[in-house]
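This structure is in structure tokens; I'll ask about it shortly.
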Amino acid sequence: MFGITGFGVHVPRLRLDRRALLDQHGWSHPGLKALAKGQRSFADWDEDSVTMAVAAARGALNGRSVTAVTLASTSLPFADRQNAGIVAAALGLGEGVATLDATGSLRAGTSALLVALRGRTAGLVVAAESRRTKPASPQEAKYGDAAAAFTLGAGDVLAEFLGGVSLSVDFVDHYRASDAAHDYGWEDRWVRDEGWLAIVPRAARSALEEAGVAAADVAHFILPPGQPRIAATAAERLGIPPAAVRDGLDTRIGDSGAAHAPLMLAHALEQAKAGDLILAVGFGQGADALVFRATGHPWQGAGGEGGIEAALAGGRVESGYGRFAALTGSVERDEGMRAELDLQTPLTVLYRKRDMLLGLVGGRCAACGTRQFPKARVCVNPDCNAWDAQEDVRLADDPARVVTWTADHLTYCPSPPAHYGLIQFEAGGRLLAGYADVEPGDLSVGAPLRMVFRVKDHDPRRNFRRYFWKAAPVRGGGL
Amino acid sequence: MATGIRDRVAIVGMGCTRFGERWTDGAEDLMAEAYAEALADSGLETKDIQAAWLATANEDLHVGRSGIPLATTLRLPRIPVTRVENFCASGTEALRGAVYAVAAGACDVALALGVEKLKDTGYGGLPQRSRGALNALWWPSYTAPGSFAQLAEAYRARHGLSRVDLKRAMAHVSVKSHANGARNPKAHLRKPITEQAVLDAPMVADPLGLFDCCGVSDGAACAIVTTPEIARGLGKRGAVSVKALQLAVSNGEEMGFGRWDGSHVATARVAAARAYAEAGVADPRRELSLTEVHDCFSVTELVTMEDLGLSPEGGAVRDVLDGVFDADGALPCQIDGGLKCFGHPIGASGLRMVYELYLQLLGRAGPRQRADVRLGLTHNLGGAPHQNVCSVAIIGRLGE
């Protein structure tokens, strides 16, 4: 039996109440009224497809290791610097891991899953998406940011892979050129009739046939909400029971592109009973359809983030447009002269210290046991000071607590105030850290923290971004 | 066995510019102004200066690197000139160089000058300095107020204080320094303020508001030091002398080892203990006449009172609110206005502190002169509470 052995998701904490879009753009785009329902998620300034992938992957790995990582997304921060390689380094998987970026289509997530499942590759498949949208566009309302990750293998399978197909059709309903920030798309009615409703059923029928199961027996039908009520219509044409149509999560998260079918699949796995048949379809210049049967094997993973319902229970809802527009880059703000600081990254230093910077690897002194960051030639313990006695210790997965903190309104931060301070790992070691995902009142001396992988700085001059770990408050009940 | 610096070096001339937004002056003008005052005060000539130390912390904003800018500005006769930088303690570092050179017998007369021209940045507050290639890749982008704000919450947690009580004590520190600055014609900020104004000010770095932060100023200060024998030869009676000059530098323990709780400055305690030993001070709260401490932020001054052993641990809030450190209190702190109101041209600050003690010891402090000044302390702190450079100097009169 081969299939999914673990899953994890990440939904950014920030949500936009879609009424804010109507309030902002209604004077010129009254049609937005139809879309002004529910919320969409959006990445904070220090999140991108790589950091969200790391967060979801940590949930799926749940402390385990893998030898292959595929990252699927159409919004990867780097066109030439392997993004999956950053994810693997942040996860501390070592250089023996086979890494690959899968991109170029909104079905990159399902395609990556299908390739790995067909090849019986025990590894990690993670999909993440954070697309830029034009102000007042329907996409601004419809899209959302999220990530989902799966580990695949033969033992302790949560859902057995029964079969799947991939259809390649160069149906250009929308596209985004390599150097463009935004999508360009064609009329929805044509996209629905000639695209989704023509191609999805072909792929789905073929996959069900390959798996040797009947449409009427599908308990969870997964199709991203690329068109209004599209999943229900497709289910009807396929003979899938209406009750099997999964919540598209469009009113709570939005359409997270290449990550969305995987996200819905994770949601289904969170709720499936033993024996449930799952059909997951990804659409984009063709379609992928994958068929699984849930085993009922219990899943205790998902790391610090919990599943989708836990992720959705937390969050900060923005009722105004300003923060969303600023943090998603839709408006150019006056950021002040402090934002002019040159942030060139010496790549030699980044490489030399890659374990420290990407994996949060510190040192543990073999002479006295003191854990310390950074790892150093001489032990920091004043009663030890042993030379060259430190072994690597990864601190990223360890719980920590606040020693000191402040909310700084002076320093440049895309989302001020900047929160930072000294944190202490419970098992030893401390770090001067930036705090992420902070709300007023979250921080106090002794408050519990967990580490998250985030963008540290953007270097707009050179289109580079630095990643490092930050400390996020541990809140009861979700993120 | 080292015998220390006590009474081995005399200060025979000091100068200090008016601090503030010196829009019409460059760093060269400020250096010349401070030096001219010191030289006239000393009775010496430029040709008598045998070595010099220049302190700057943000030299990229004004004079650039090396000792050359001091040598060219003052046309020093091709003597050794060394530029020193040790964060906000740079001014004391320059004095240390000059004092040690004289004590070592390497030269008879040495000059220490600190200068900073900060108001050419185009914005308020201190500019962010480069912090090293690797540090920049992982340290948060912290500011001076943000790093010192960390003291407040940690201090509050350690001593079980309410935020309101701590904010009130911090406010009193600033109100006191503004009252002092108002009486000092060389001070940058000369307007008295009220406690309510401090509490109502906009937040800079929680819990530090605008009036919890010191001024960012242009200015220069300098000292000419020599041997006690030469000082006497110059006719200086009761000359001011250096009783102790100590420096303690963080070794990463606060930031990297589990012991420090963030509520005090570890180096200050070490530097103070060494300075008291060097000067032979047994009971600083009784023996010191006044102090000039590094009040970059109100909370820094408050915590420093304990680090220097002037208040019992956890007792600074009460002492501050009781007025112990006010101008008319038992042990005035920042009688010249301090960094808070005299201003903080970084490289000059350590020397500015000594300048005030020098005036007070010689009875030249005008309306703010204290009676019976015998011994004063300067405390000059650079960096952040979690990693810093701290100097403590004790200044008195020769033979006392």
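Below, read A as the first sequence line, B as the second, and so on, with proteins coming before strands; counting in each chain starts at 1.
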Quick check on the interface: out of B:Leu126, B:Asn251, B:Thr121, who has the most heavy-atom pairs with chain A under 4.5 Å? B:Leu126

Could you check whether A:Arg58 pairs with A:Asp397 (Lys NZ or Arg NE/NH1/NH2 to Asp/Glu carboxylate O, under 4.0 Å)? yes

For B:Ser263, which atoms come within 4.5 Å of any heavy atom of chain A: side chain, backbone, both, or neither? neither

With respect to chain B, which residue among A:Arg338, A:Gln424, A:Arg466 yields the maximal number of heavy-atom pairs within a distance under 4.5 Å? A:Arg338

The interface call for A:Asp342 against chain B, heavy-atom contacts under 4.5 Å, is neither

Any residues in residues 430-446 of chain A near chain B, with a heavy-atom distance under 4.5 Å, and which are they? A:Arg430, A:Leu431, A:Leu432, A:Ala433, A:Gly434, A:Val445

Given A:Tyr467, which of A:Asp48, A:Thr51, A:Asp46 fulfils the side chain to side chain donor-acceptor pair (under 3.5 Å) condition? A:Asp48

Proximity of residues 348-357 of chain A to chain B, residues having a non-hydrogen atom under 4.5 angstrom: A:Val349, A:Leu350, A:Lys353, A:Met356, A:Leu357

Before accepting this row, confirm whether a basic side-chain N of the pair A:Lys375/A:Asp392 lies closer than 4.0 Å to the acidic partner's carboxylate O. yes

With a 4.5 angstrom heavy-atom cut-off, could you sort out which part of B:Ala157 is near chain A: side chain, backbone, both or neither? side chain

Do the side chains of A:Asp383 and B:Arg259 get close enough for a salt bridge, i.e. N-O under 4.0 angstrom? yes

Options A:Val402, A:Thr345, A:Val380, ranked by heavy-atom pairs under 4.5 Å with chain B, top entry: A:Val380

Chi angles and distances behind the side-chain contact (heavy atoms from CB on, under 4.5 Å) call for B:Glu116, B:Asn58: CA-CA 7 Å; B:Glu116 216 74 59; B:Asn58 286 58; 3.5 Å; yes

Validation row: B:Lys340, B:Cys296 side chains within 4.5 angstrom (heavy atoms): no

For chain A, which candidate among B:Gly122, B:Ala144, B:Gly262 shows the most heavy-atom pairs at distances under 4.5 Å? B:Gly122

Determine whether B:Leu199 and B:Glu195 make a side-chain contact, defined as any pair of heavy atoms from C-beta on separated by less than 4.5 Å. yes

Answer key: most heavy-atom pairs under 4.5 Å with chain A among B:Gly252, B:Ala152, B:Gly146 is B:Gly146

Is B:Pro127 close to chain A through its backbone or its side chain, or both, or neither, when contacts mean heavy atoms under 4.5 Å? backbone

Just give me the residue among A:Leu422, A:Asn381, A:Leu341 that pairs up with chain B most often, heavy atom to heavy atom, under 4.5 Å. A:Asn381

Residue selection (most heavy-atom pairs with chain B, distance under 4.5 Å) from A:Lys456, A:Gln372, A:Lys470: A:Lys456

Identify which one of B:Leu339, B:Asp295, B:Asp212, B:Val320 satisfies the side chain to side chain contact (heavy atoms under 4.5 Å, CB included) criterion when paired with B:Glu301. B:Asp295

So, do B:His294 and B:His344 have ring centers that fall under 6.0 Å from each other? yes

Pair B:Phe148 and B:His386, ring centroids less than 6.0 Å apart: no

Without hydrogens or angle criteria, can the side chains of A:Thr99 and A:Gln82 be said to hold a donor-acceptor pair below 3.5 Å? yes

Quick check on A:Thr411 against chain B: is it the side chain, the backbone, both or neither that has a heavy atom closer than 4.5 Å? both

Evaluate the ring planes of A:Phe468 and A:Phe373, with Trp represented by its six-membered ring, and classify them as parallel (under 30°), tilted (30 to 60°) or perpendicular (over 60°). tilted

Does B:Arg131 make a cation-pi contact with B:Tyr142 (under 6.0 Å, within 45 degrees of the axis)? yes

Is it the backbone or the side chain of B:Leu210 that comes under 4.5 Å from a heavy atom of chain A, or both, or neither? neither

Taking everything shown except A:Glu95 itself, do over 12 heavy atoms lie less than 6.0 Å from its CD? no

Those residues at least two apart in sequence (or on a different chain) that pass ring-ring contact (aromatic ring centres under 6.0 Å, His included) with B:Tyr276 are none

Interchain contact, B:Arg158 with chain A, by part (heavy-atom threshold 4.5 Å): neither

Please classify the contact of B:Ser130 with chain A as side chain, backbone, both or neither, using a heavy-atom distance under 4.5 Å. neither

Relative to each other, are the rings of A:His419 and A:Trp405 parallel, tilted or perpendicular (30° and 60° limits)? parallel

B:Trp23 and B:Lys119: side-chain contact (heavy atoms from CB on, under 4.5 Å), yes or no, with the steps? CA-CA 7 Å; B:Trp23 304 119; B:Lys119 297 307 296 179; 3.8 Å; yes

Among B:Ala149, B:Pro385, B:Gly256, the residue with the most heavy-atom pairs under 4.5 Å to chain A is B:Gly256

Measure B:Gln387 against the heavy atoms of chain A and call it side chain, backbone, both or neither at under 4.5 Å. neither

Which atoms of A:Asn385 are under 4.5 Å from chain B, going by heavy atoms: the side chain, the backbone, both sets, or neither? neither

What part of A:Ala418 gets closer than 4.5 Å to chain B, counting heavy atoms only: side chain, backbone, both or neither? neither

For a quick test of your reading: what N or O donor-acceptor pairs under 3.5 Å do the side chains of residues 201-208 of chain B make, sequence neighbours left out?
unit_1	atom_1	unit_2	atom_2	d
B:Asp206	OD1	B:Arg163	NH1	3.0
B:Asp206	OD1	B:Arg163	NH2	3.4
B:Asp206	OD2	B:Arg163	NH2	3.4

Are A:Arg462 and A:Asp459 ion-paired here, with the side-chain N under 4.0 Å from a carboxylate O? yes

